S.K.: 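One structure coming up, written as structure tokens, with questions to follow.
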Amino acid sequence: MRTLETRLAQARELSFAHHGKRIGFHLPGMFTVGATRGRYPAVSITGDACALTCDHCRGKLLLPMIKAMTPQSLVEKCLALEADGHLGVLVSGGCGPDGDLPWEAFLPALAAVKATTRLTVSVHSGFVDRDTARGLKAAGVDQALVDVIGSDDTYRAVYHVDGGLARLAASLAALTGAGLPVIPHIVCGLHYGELRGEARALDIVAEIDPDLVVILSLMNLPGTPMARVAPPPAEAVAELLVAARLRLPRAQMSLGCARPRGGERLETLAVAAGVNRLALPSDAARQRAAELGLAVDYRRTCCSVRHGPTENPW
């Protein structure tokens, strides 16, 4: 039986063959290193409100986001962000009872942002229908970030949504059919720390053949039912990174910012697996990249976005 180190090396060499010996270290807009802040902030179109109150979040992830609860406010906030030197925005928010966001009311505002600024616009889409996907594309949205969950049990227990897998499939079909680039995100351990639907999630991701896959790990947010749940071991998350690389060799792989803080073991394993992008790298991760002789691009953006100047805040 092959060891983890052997599998990491296989994934790393496959990554190098397709993408070169490079890695991107990203500082997203909601984080600061020293006095340097990322230049790709998150904006919530629902404020702090979310009807789902998922067990891993309970709306906590919305609290630090910039609030833009009306279309006019969204345009004004984006104009101000560009004037302040930001490169783009992640437009997000809390979901309604069915797992969707109020995109229809904000489509003209998104179009206005794209027409009047040079900002890149990502949306954390939630469930969408065909008309909404087409509307987001027509508005000029650059990419849709989609949480891919591979278990209806997890949808029910954690997200409090029935029929999640079917709605996910319909949403992915709508987004890809509209020609909107999809950046799938797989959260390891979302089912109370248990690895349950991640393999199926990877199957779903492989069907849409994306350019980038973001792997995350359960965060223990205070004040949520999962505050004391142990996240999955770093080795288990690394195994998913390896599996994703072997399944999708031409796609870039990223270890995203939503993961337990202080997880140097996971970060160094991800670098050893040939991950192409890594948000919020530790000293240990940067040292491992140096040991492997990797060229480094530093970006003050979400790991889903690669453009913009190279700026090293570390």
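Computed from heavy atoms alone, side chains included, the values below leave out hydrogens, waters and symmetry copies. Just so it is clear, the model here is predicted, and its values are computed rather than measured.
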S.K.: Under 3.5 Å, is there a donor-acceptor pair between the side chain of Asp100 and the main chain of Cys95?
M.R.: no
S.K.: Can you check whether Ala11's main-chain N or O pairs, donor with acceptor, with Glu13's side chain at less than 3.5 Å?
M.R.: no
S.K.: Is there side-chain contact between Val214 and Leu145, with heavy atoms separated by less than 4.5 Å?
M.R.: no
S.K.: Between Arg277 and Asp297, is there a side-chain N and carboxylate O pair less than 4.0 Å apart?
M.R.: no
S.K.: So, Gln143 side chain and Ser304 main chain: donor-acceptor pair closer than 3.5 Å or not?
M.R.: yes
S.K.: Is there a donor-acceptor contact under 3.5 Å from the side chain of Thr46 to the main chain of Gly94?
M.R.: yes
S.K.: Ignoring hydrogens and geometry, is there a side-chain-to-backbone donor-acceptor pair from Trp314 to Val33 under 3.5 Å?
M.R.: no
S.K.: Answer whether the closest heavy-atom distance between the side chains of Asp55 and Thr224 falls below 4.5 Å.
M.R.: no
S.K.: Which heavy atom of Val271 sits nearest to which heavy atom of Ala285, and what is that distance?
M.R.: CG2-O, 4.0 Å
S.K.: For a 4.5 angstrom cut-off between non-hydrogen side-chain atoms, does Leu27 reach Tyr298?
M.R.: no
S.K.: Hey, quick one: are Val237 and Leu221 part of the same hydrophobic cluster, counting side-chain heavy atoms closer than 4.5 Å, chains of contacts allowed?
M.R.: no
S.K.: Arg196 versus Leu190: any side-chain heavy-atom pair under 4.5 Å?
M.R.: no
S.K.: What do you reckon, is CZ of Arg37 surrounded by more than 12 foreign heavy atoms closer than 6.0 Å?
M.R.: yes
S.K.: Identify the heavy atoms of Asn220 and Ala227 that sit nearest to each other, and give their distance.
M.R.: CB-O, 3.3 Å
S.K.: Quick one: CG on Asn312 to CZ on Arg286, what's the gap to the nearest 0.5 Å?
M.R.: 7.5 Å
S.K.: Taking atom CG as the centre, does Asp211 end up with more than 12 heavy-atom neighbours from other residues, nucleotides or ligands that are less than 6.0 angstrom away?
M.R.: no
S.K.: Looking at every non-hydrogen atom in both residues, tell me the closest pair between Leu218 and Gly189 and how far apart they are.
M.R.: CD2-O, 3.4 Å
S.K.: Hey, which of Leu119, Asp142, Val141 is the one that makes side-chain contact (heavy atoms from CB on, under 4.5 Å) with Lys114?
M.R.: Asp142
S.K.: Would you say Glu207 has more than 12 foreign heavy atoms packed within less than 6.0 Å of its CD?
M.R.: yes
S.K.: Test Phe127 against Val161 for side chain to side chain contact (heavy atoms under 4.5 Å, CB included), laying out the working first.
M.R.: CA-CA 11 Å; Phe127 292 141; Val161 168; 4.0 Å; yes
S.K.: Report whether Val123 and Leu81 are members of the same hydrophobic cluster (ILVMFWY, side-chain heavy atoms less than 4.5 Å apart, transitive linking).
M.R.: yes
S.K.: Considering residues, nucleotides and ligands other than Arg156, do more than 12 of their heavy atoms fall under 6.0 Å from its CZ?
M.R.: yes
S.K.: Do Leu168 and Val146 come close enough that some side-chain heavy atom pair is under 4.5 Å?
M.R.: yes
S.K.: So if I apply the side-chain contact (heavy atoms from CB on, under 4.5 Å) rule between Ile186 and each of Ile215, Ile149, Asp147, which one comes out positive?
M.R.: Ile215
S.K.: Going by the side-chain contact (heavy atoms from CB on, under 4.5 Å) test, name the single residue among Arg22, Arg306, His19 that passes it with Asn276.
M.R.: His19
S.K.: Please check this pair: side chain of His160 against backbone of Leu52, looking for a donor-acceptor N/O pair closer than 3.5 Å.
M.R.: yes
S.K.: Test side chain to side chain contact (heavy atoms under 4.5 Å, CB included) on Ser125 and Ser171; report intermediate values, then the result.
M.R.: CA-CA 9 Å; Ser125 65; Ser171 297; over 6 Å; no
S.K.: Can you tell me if Gln72 has over 12 outside heavy atoms packed within less than 6.0 Å of its CD?
M.R.: no
S.K.: Should the heavy atoms of other residues, nucleotides or ligands under 6.0 Å from CZ of Arg261 be counted, would the total exceed 12?
M.R.: yes
S.K.: Between atom SG of Cys257 and atom CE of Met219, what is the distance when rounded to the nearest 0.5 Å?
M.R.: 7.5 Å
S.K.: Hey, are the side chains of Leu165 and Ile204 touching, using non-hydrogen atoms and a 4.5 Å cut-off?
M.R.: yes
S.K.: Check the pair Arg247, Asp203 against salt bridge (charged side-chain N to carboxylate O under 4.0 Å, His left out), reporting the backbone distance first and the verdict last.
M.R.: CA-CA 9 Å; Arg247 189 76 176 272; Asp203 289 340; 2.8 Å; yes
S.K.: Give a yes or no answer on whether the side chain of Lys67 reaches the backbone of Leu63 with a donor-acceptor pair at less than 3.5 Å.
M.R.: yes
S.K.: Of the non-hydrogen atoms in Leu292 and Ala272, which two are nearest, and what is the gap between them?
M.R.: CD1-CA, 4.2 Å
S.K.: Under the ring-ring contact (aromatic ring centres under 6.0 Å, His included) rule, what pairs show up with a residue in residues 40-89, not counting sequence neighbours?
M.R.: His56-Tyr159
S.K.: Would you call Glu267 and Arg259 a salt bridge, using N to O less than 4.0 angstrom?
M.R.: yes
S.K.: If we ignore hydrogens and angles and just use 3.5 Å, is the side chain of Arg12 paired with the main-chain N or O of Arg7 as donor and acceptor?
M.R.: no
S.K.: Please confirm whether the backbone N or O of Ala35 pairs with a side-chain atom of Thr32, one donor and one acceptor, at under 3.5 Å?
M.R.: no
S.K.: Roughly how far apart are Ser217 OG and Leu255 CG, rounded to 0.5 Å?
M.R.: 8.5 Å
S.K.: Is Leu280 linked to Met30 within one hydrophobic cluster, defined over Ile, Leu, Val, Met, Phe, Trp and Tyr using a side-chain heavy-atom separation of less than 4.5 Å?
M.R.: yes
S.K.: Taking the side chain as everything from C-beta on, heavy atoms only, tell me whether Val205 gets closer than 4.5 Å to Pro210.
M.R.: yes
S.K.: Side-chain contact test, heavy atoms from C-beta onward, threshold under 4.5 Å: evaluate it for Val89 versus Lys77 and give yes or no.
M.R.: no
S.K.: Of all heavy-atom pairs between Met69 and Phe106, which one has the smallest distance, and what is that distance?
M.R.: O-CZ, 3.6 Å
S.K.: How long is the gap from CD1 on Ile183 to CG on Leu175, to the nearest 0.5 Å?
M.R.: 11.0 Å
S.K.: Given 3.5 Å as the limit, does a donor-acceptor pair link the side chain of Arg39 with the main chain of Gly85, or not?
M.R.: yes
